[in-house]
Amino acid sequence: MNQNLYRPTYHFMPEQNWMNDPNGTIFFEGYYHLFYQYNPYGDKWGTIHWGHARSLDLVHWEHLPIALYPSGELGEVHCFSGCAVHDGTEARIFYTSIGDGERNPATGAEQWMAASTDGLLTWQKHPGNPVITSAVHGDADVRDWRDPFVWREGEDWFMVIGGSSEGKGCVTIYKSEDLTSWTFLNFLYKDEGEFSCECPLIYREGDRYVLIYSPGGVVQYITGTLSDSYQLVPEARGVVDPGSWEGYYAPNLLIDDRNRCILFGWMPDEARGKFEGISGWSGVQALPRELTLTDSGKLAIKPVPELQKLRGRHSGQEELVPAGADRIAGIEGRALELSLELDLAGAESPFRISVLRSADGQEETCIVIDRAAQQITIDRSRSSLSPLPHSTPISGNYETTDGRLKLNIFVDHSTVEAFCNETMCLSARVYPTLAHSTGVLLYGEPAHSPLIQFDLWELSQ
Ligand code: FRU
């Protein structure tokens, strides 16, 4: 299989090898910094380091030297996920240190710290590591304890860490005045699910907190307030992205100089890896998304406007060419942005947009909008001629007040991200095998088409 047919061109990826979660995302002195779980020795998960890149515009990324190596001399095997903060003098990374034997991920993980004073380029591990061990919980049962996330409130620092307790997922919360000595406050949240709550994040607006977490499947969020005993009192819940392991997992966030909350996330290649073996690379970072909190406690999610810089050749509604009852777009390719507005009020049958389509239609990925169910689906049943085990549909519900749906769909070789009414985004990986699977087609009777606007751009860096 030609792996280049699958390799995205405008998404962030390391030059080679394995990448998973975004880590330590932070805006500092004009740069957006992105660290990530990285195996420099191969294209499978293992020997986890922290890779590093930075960007001035969230679109063009500069690769930087590896930021964290496992300290073998201290028995450390992996540097698991975590966060970065700046205290005004120094930047600190907090991450989960995994070691040999007793320091295993299930019961022996420790939280470690590293510091940088040179613009986040080089990092020195704190001589007093670990900064927290699970002994801090006393008799409370906390396992799979990992992925610290730190934020500041006035003079105090708070940290949440994911885990599981008594067989259910949980998020624990801690407090510190100096970033070095930490007190366990409580279980911020206990989940109903059995999987641990990986990569918890807190986004705060006034008294309202949004907890985002990755429970081994679809990434969830809960908006609420904090009780005096530091427990989350839920107000609203939602899905960050229904993509799960086959589209979107383990996000991280930062607040930039314009007070924007920007979310990064991992688009796994695991299904491809399991089926046909992967050569050279695995894992993609999703496009940066801007989050805002609405009055109802729901998150609004949209692509950052900087991505418009990628737009090249354009084709509009007037260039759609009728082909029977369908219409073919004037541009094709594997790196595209589609912008559509649909008036679905009177639509009876689902509206279907086909991308990554071969001329004979034997290979295609369909984005299907079902007005009655207010549901969008990425139908992957014919995305790939080879029988890859990731042909299941991925669906989510969008919100609309007037029957209209504004879609921004980003296609990049093996990634599809569909933003709907700026309220949610649905992501999936697809692996079209034919070099000429590049077409864009709108299915349906033009006379009854709900299409009120259509724009298509080629995207390149
Ligand atoms: C999530 C995760 C984290 C962990 C990291 C290890 O994908 O399992 O919980 O820190 O990946 O690479």
Side-chain angles (χ1 to χ4, degrees), residues 13-14 17-25 34-52 66-70 76-84 93-100 103-114 130 132 134 142-150 159-165 169-172 189 191 193-201 211-220 240-241 243-253 263-271 273-274 281-286 427 429:
M13 302 170 67
N17 296 321
W18 168 275
M19 170 176 71
N20 56 298
D21 315 354
N23 293 150
T25 46
L34 166 67
F35 302 86
Y36 51 89
Q37 295 279 280
Y38 182 52
N39 178 6
Y41 305 116
D43 55 20
K44 308 272 183 317
W45 187 91
T47 52
I48 292 296
H49 294 53
W50 274 39
H52 187 195
I66 287 176
L68 291 183
Y69 292 75
E76 188 176 54
V77 182
H78 302 292
C79 301
F80 270 17
S81 287
C83 64
I93 279 174
F94 291 87
Y95 72 98
T96 300
S97 172
I98 302 293
D100 273 331
R103 293 228 298 108
N104 63 72
T107 54
E110 296 175 347
Q111 313 311 327
W112 285 28
M113 184 168 82
I132 327 182
S134 67
V142 181
R143 289 153 195 262
D144 305 310
W145 183 55
R146 54 177 175 264
D147 312 335
F149 179 86
V150 175
M159 180 192 288
V160 283
I161 303 182
S164 62
S165 178
C170 70
V171 176
T172 45
Y189 173 66
D191 201 32
E194 286 167 16
F195 203 90
S196 55
C197 295
E198 296 185 312
C199 301
L201 312 173
L211 168 69
I212 298 174
Y213 62 103
S214 298
V218 172
V219 180
Q220 314 277 335
V240 173
D241 187 316
S244 188
W245 285 107
E246 297 185 29
Y248 192 85
Y249 195 68
N252 214 318
L253 61 78
L263 194 71
F264 298 80
W266 169 42
M267 302 187 81
D269 266 298
E270 297 210 296
K274 278 188 195 125
W281 61 274
S282 179
V284 180
Q285 290 299 326
S427 304
R429 302 303 306 274

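Since this is a predicted model, take the numbers as computed values, not measurements. Just follow the structure's listing: the first ligand is 1, and inside any ligand the first atom is 1.
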Subject >> Residues that C83 engages under side-chain contact (heavy atoms from CB on, under 4.5 Å), provided they are two or more places apart >> reply: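 Residues passing side-chain contact (heavy atoms from CB on, under 4.5 Å) with C83: F94, F149, V150.
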
Subject >> side-chain contact (heavy atoms from CB on, under 4.5 Å) involving R143 - partner list, sequence neighbours excluded >> reply: T107, D141, S164

Ligand-residue contact atoms, ligand 1 with [X], heavy atoms, under 4.0 Å:
{"X": "W45", "result": "6 (C), 12 (O)"}
{"X": "R146", "result": "3 (C), 4 (C), 9 (O), 10 (O)"}
{"X": "S81", "result": "5 (C), 10 (O)"}
{"X": "Y249", "result": "1 (C), 7 (O)"}

Original post:
Between the side chains of S282 and D43, is a donor N or O closer than 3.5 angstrom to an acceptor N or O?
Top reply: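 Not at all, the side chains of S282 and D43 share no donor-acceptor pair under 3.5 Å.
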
Heavy-atom nearest neighbour in the protein, as seen from [atom], with distance rounded to 0.1 Å:
{"atom": "atom 8 (O) of ligand 1", "answer": "E198 OE2, 2.9 Å"}
{"atom": "atom 12 (O) of ligand 1", "answer": "Q37 OE1, 2.7 Å"}
{"atom": "atom 4 (C) of ligand 1", "answer": "D147 OD1, 3.5 Å"}

Original post:
Side chain or backbone of N20 under 4.0 Å from ligand 1, or both, or neither, by non-hydrogen atoms?
Top reply: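 The answer is the side chain of N20.
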
Original post:
With respect to atom 1 (C) of ligand 1, which of I98, T96, D21 exhibits the smallest heavy-atom separation?
Top reply: D21

Subject >> Identified side chain to side chain donor-acceptor pair (under 3.5 Å) counterpart of S97 within the set E76, H78, Q111, R146 >> reply: E76

Original post:
Is the shortest heavy-atom distance from the side chain of L68 to the side chain of W112 under 4.5 Å?
Top reply: no

Original post:
Relative to each other, are the rings of W18 and W266 parallel, tilted or perpendicular (30° and 60° limits)?
Top reply: perpendicular

Subject >> Donor-acceptor contact below 3.5 Å, side chain N39 vs main chain W45 >> reply: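 Looks like no, no N/O pair under 3.5 Å.
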
